[in-house]
Amino acid sequence: DEKIIKAYKRAIQPTKPRNPIDVKEYIDTQAKPHLNFVVLGHVDAGKSTLMGRLLYDIGAVDKNKIRKLKKESEQIGKGSFHLAWVMDQTTEERERGVTVSICTSDFKTPSANFTIVDAPGHRDFVPNAIAGVSQADVAVLSVDCGTDAFESGFNLDGQTKEHTLLARSMDISTIVVAMNKMDTVDWSATRFFQIQDELMDWFKKIGYKEDQIKWIPLSGFSGEGVYKIPYPEEQNWYEGPSLVETLEAVATKVNDESRKEVLDKPFIFSILEVSSSKKNDESILAGKVESGSIQPGETITIYPSEQSCLVDKILTGRELESTNIAVKGEFVTLKLRQSHPKDIEGGDLCASVGYDIKSGRKFKIRLSTFQMNRPLLPGTSVMLFRGVYEQPARINKLLTLIDRKDPSKVVKKKVKHLPSNKTAVVEIELTERRRWIPMVTIDENKHIGRVIIRKDGRSVATGAILEVE
Ligand code: GDP
């Protein structure tokens with residue numbers, strides 16, 4: 001593969017956009033706040049029903065389609081399922097267009113644009129939750145408030161704990177807790193506050209503060225508390241915003257914070273999926289703008305192949321409409337010319353000309369372990385995840401043990417094993433020698449500078465990339 005890399009020509013000079021847009025003016029005046037969120041929660045917690053309800057009430061799905069789904073679900077005796085099918089239906093539709101291993105559903109309200117990040121098919125499967133969480137700014141956690149249901153989802157084997165721990169370790173700043181299925185407990189305030197107390201203890205334990213967690217009583221099934229449907233009389237104890245109003249407020253806050261990453265950072269794009277094209281120098285890349293912005297006519301370089309290509313078109317939304325600009329946080333499809341698609345894969349990274357991304361097999365990582373059955377040792381085999389990217393790896397060396405709260409403080413210089421709930425600097429090496437992997441450090445980008453380590457089917461640690469060899 002090294003030979004191929006040398007064969008490509010890498011641009012040194014940037015090229016100008018075809019119809020230049022002033023980025024600062026654009027985000028100040030035209031761009032609405034945009035929020036990516038992932039939906040987490042235990043199997044049967046009501047995630048699909050809730051998202052179906054939300055998309056339906058907002059008007060993002062066709063009324064006829066809902067009617068048809070309802071009829072179908074009644075025919076098989078599962079009348080309540082039609083809302084849950086909405087998400088899957090949009091998934092199927094997308095699969096006829098550009099397939100992405102991460103599926104996104106867009107919707108708009110008057111004050112913000114949203115993308116629901118979803119891993120179709122395996123919504124409850126942890127590696128997919130990792131991919132979803134890594135693309136999101138915030139998480140909506142669906143909790144089944146039904147009697148006993150909460151307890152079963154919240155025991156150690158339940159996904160609620162692992163999902164929220166992943167969210168925390170991947171810098172998800174806000175968790176919106178959809179206190180779901182409140183209709184099944186007659187909108188009981190006692191039940192609501194009991195679950196809230198228990199969950200808040202857990203959130204605090206993993207490092208969240210109270211103001212980072214929002215709580216909304218709702219029913220995804222009948223729709224109260226989601227968007228426009230008012231609460232029933234029994235619910236006279238909560239006067240806060242609905243789920244959508246909460247998400248709008250969070251979108252505005254996230255937008256203010258990410259403004260700098262649009263204006264002051266280079267364009268970096270993570271590729272989720274590559275589709276084929278009939279034109280042989282054209283590549284069609286679905287992915288996410290991780291920082292900066294991009295316009296048609298600009299030149300970018302793709303890593304690890306180090307090929308420079310021209311951005312011919314940028315496509316956005318469900319209809320894949322052409323747009324003149326994409327900024328940090330947006331999921332778009334890039335149509336590139338002067339490219340070699342056979343050497344581009346999901347997980348690859350792109351950047352603007354002049355910004356170097358290193359590729360390698362060995363990385364220095366700041367690793368923070370979760371609760372594990374056995375400590376990690378030099379030579380331990382693991383799986384490494386970053387976004388959609390997943391590779392077998394080995395922990396080569398345990399370098400130093402450091403303070404969890406203050407990473408600049410070395411606690412111990414010789415480390416023989418790494419137990420649960422500790423932080424250490426380690427050297428990790430990818431063991432499949434097929435390809436070099438582009439990596440950015442945590443200082444370059446806090447989203448893609450982060451990896452998750454799993455072993456024996458469980459998440460055991462989160463890592464921040466410090467150095468690429
Ligand atoms: P998921 O596995 O988390 O996506 O959960 P689903 O959305 O498939 O819902 C699981 C079950 O709970 C289905 O039978 C739904 O009809 C039911 N359900 C979901 N939301 C509600 C709700 O708000 N109230 C009631 N009573 N049932 C719900």
Side-chain angles (χ1 to χ4, degrees), residues 37-58 60-61 66 69-92 102-105 116-126 128-129 132-133 136 139-155 157-164 166-167 175-189 191-192 195 199 215-232 234-235 238 242-244 246:
F37 68 89
V38 62
V39 185
L40 303 176
H42 197 257
V43 184
D44 280 347
K47 299 180 291 295
S48 335
T49 306
L50 179 61
M51 287 309 113
R53 161 64 63 188
L54 194 155
L55 292 171
Y56 177 68
D57 284 1
I58 271 170
V61 277
I66 284 279
L69 287 177
K70 194 165 183 182
K71 211 164 141 201
E72 282 170 15
S73 59
E74 273 159 8
Q75 269 163 6
I76 62 157
K78 290 185 173 176
S80 69
F81 266 44
H82 68 285
L83 283 171
W85 285 354
V86 170
M87 280 295 277
D88 299 336
Q89 191 80 4
T90 50
T91 304
E92 258 172 47
I102 304 242
C103 174
T104 58
S105 303
I116 310 173
V117 191
D118 190 31
H122 307 275
R123 219 159 280 150
D124 307 300
F125 198 50
V126 171
N128 281 286
V133 170
V140 170
L141 173 69
S142 179
V143 171
D144 182 348
C145 297
T147 314
D148 297 334
F150 170 68
E151 286 72 13
S152 72
F154 202 56
N155 62 33
D157 298 324
Q159 278 135 355
T160 308
K161 275 190 171 164
E162 187 165 9
H163 281 179
T164 46
L166 285 172
I175 295 186
V176 177
V177 187
M179 298 287 267
N180 207 343
K181 306 197 192 180
M182 282 297 291
D183 56 305
T184 63
V185 290
D186 298 325
W187 300 89
S188 156
R191 183 69 180 149
F192 179 94
I195 294 176
L199 264 177
W215 310 85
I216 302 111
L218 54 83
S219 165
F221 186 61
S222 44
E224 297 96 343
V226 177
Y227 187 45
K228 280 187 175 152
I229 299 176
Y231 285 114
E234 305 97 280
Q235 196 294 95
Y238 173 84
S242 67
L243 177 64
V244 172
T246 307

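Counting starts at 1 for both ligands and their atoms, in listed order.
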Is S142 close enough to touch ligand 1? Criterion: a residue heavy atom under 4.0 Å from a ligand atom. no
Could you tell me, atom by atom, which parts of ligand 1 come under 4.0 Å of a heavy atom of N180? 23 (O)
Which pair of heavy atoms, one from I216 and one from F192, lies closest together, and at what distance? C-CE1, 4.2 Å
Is T184 touching ligand 1 with its side chain, its backbone, both, or neither, if touching means heavy atoms under 4.0 Å apart? side chain
Does any part of the side chain of L218, heavy atoms only, come nearer than 4.5 Å to the side chain of R53, both counted from C-beta? no
Heavy-atom distance under 4.5 Å between the side chains of V39 and L50, does that happen here? no
Ligand-side contact atoms (ligand 1) for residue partner H42, heavy atom cut-off under 4.0 Å: 3 (O)
Atoms of ligand 1 close to D183 [distance to a heavy atom under 4.0 angstrom, numbered from 1]: 22 (C), 23 (O), 24 (N), 25 (C), 26 (N)
Heavy-atom proximity to atom 15 (C) of ligand 1, picking from L50, D144, T49, V185, points to T49
Option whose closest heavy atom lies nearest to atom 4 (O) of ligand 1, chosen from G146, S48, A45: S48
For the side chain to side chain contact (heavy atoms under 4.5 Å, CB included) test, which of L55, V140, V38 pairs with I116? L55
Could you tell me, atom by atom, which parts of ligand 1 come under 4.0 Å of a heavy atom of S219? 22 (C), 23 (O), 24 (N)
Taking side chain to side chain donor-acceptor pair (under 3.5 Å) as the test, write out the residues that go with E224, two or more places apart. S222
Who are the salt bridge (charged side-chain N to carboxylate O under 4.0 Å, His left out) partners of D183, not counting sequence neighbours? none
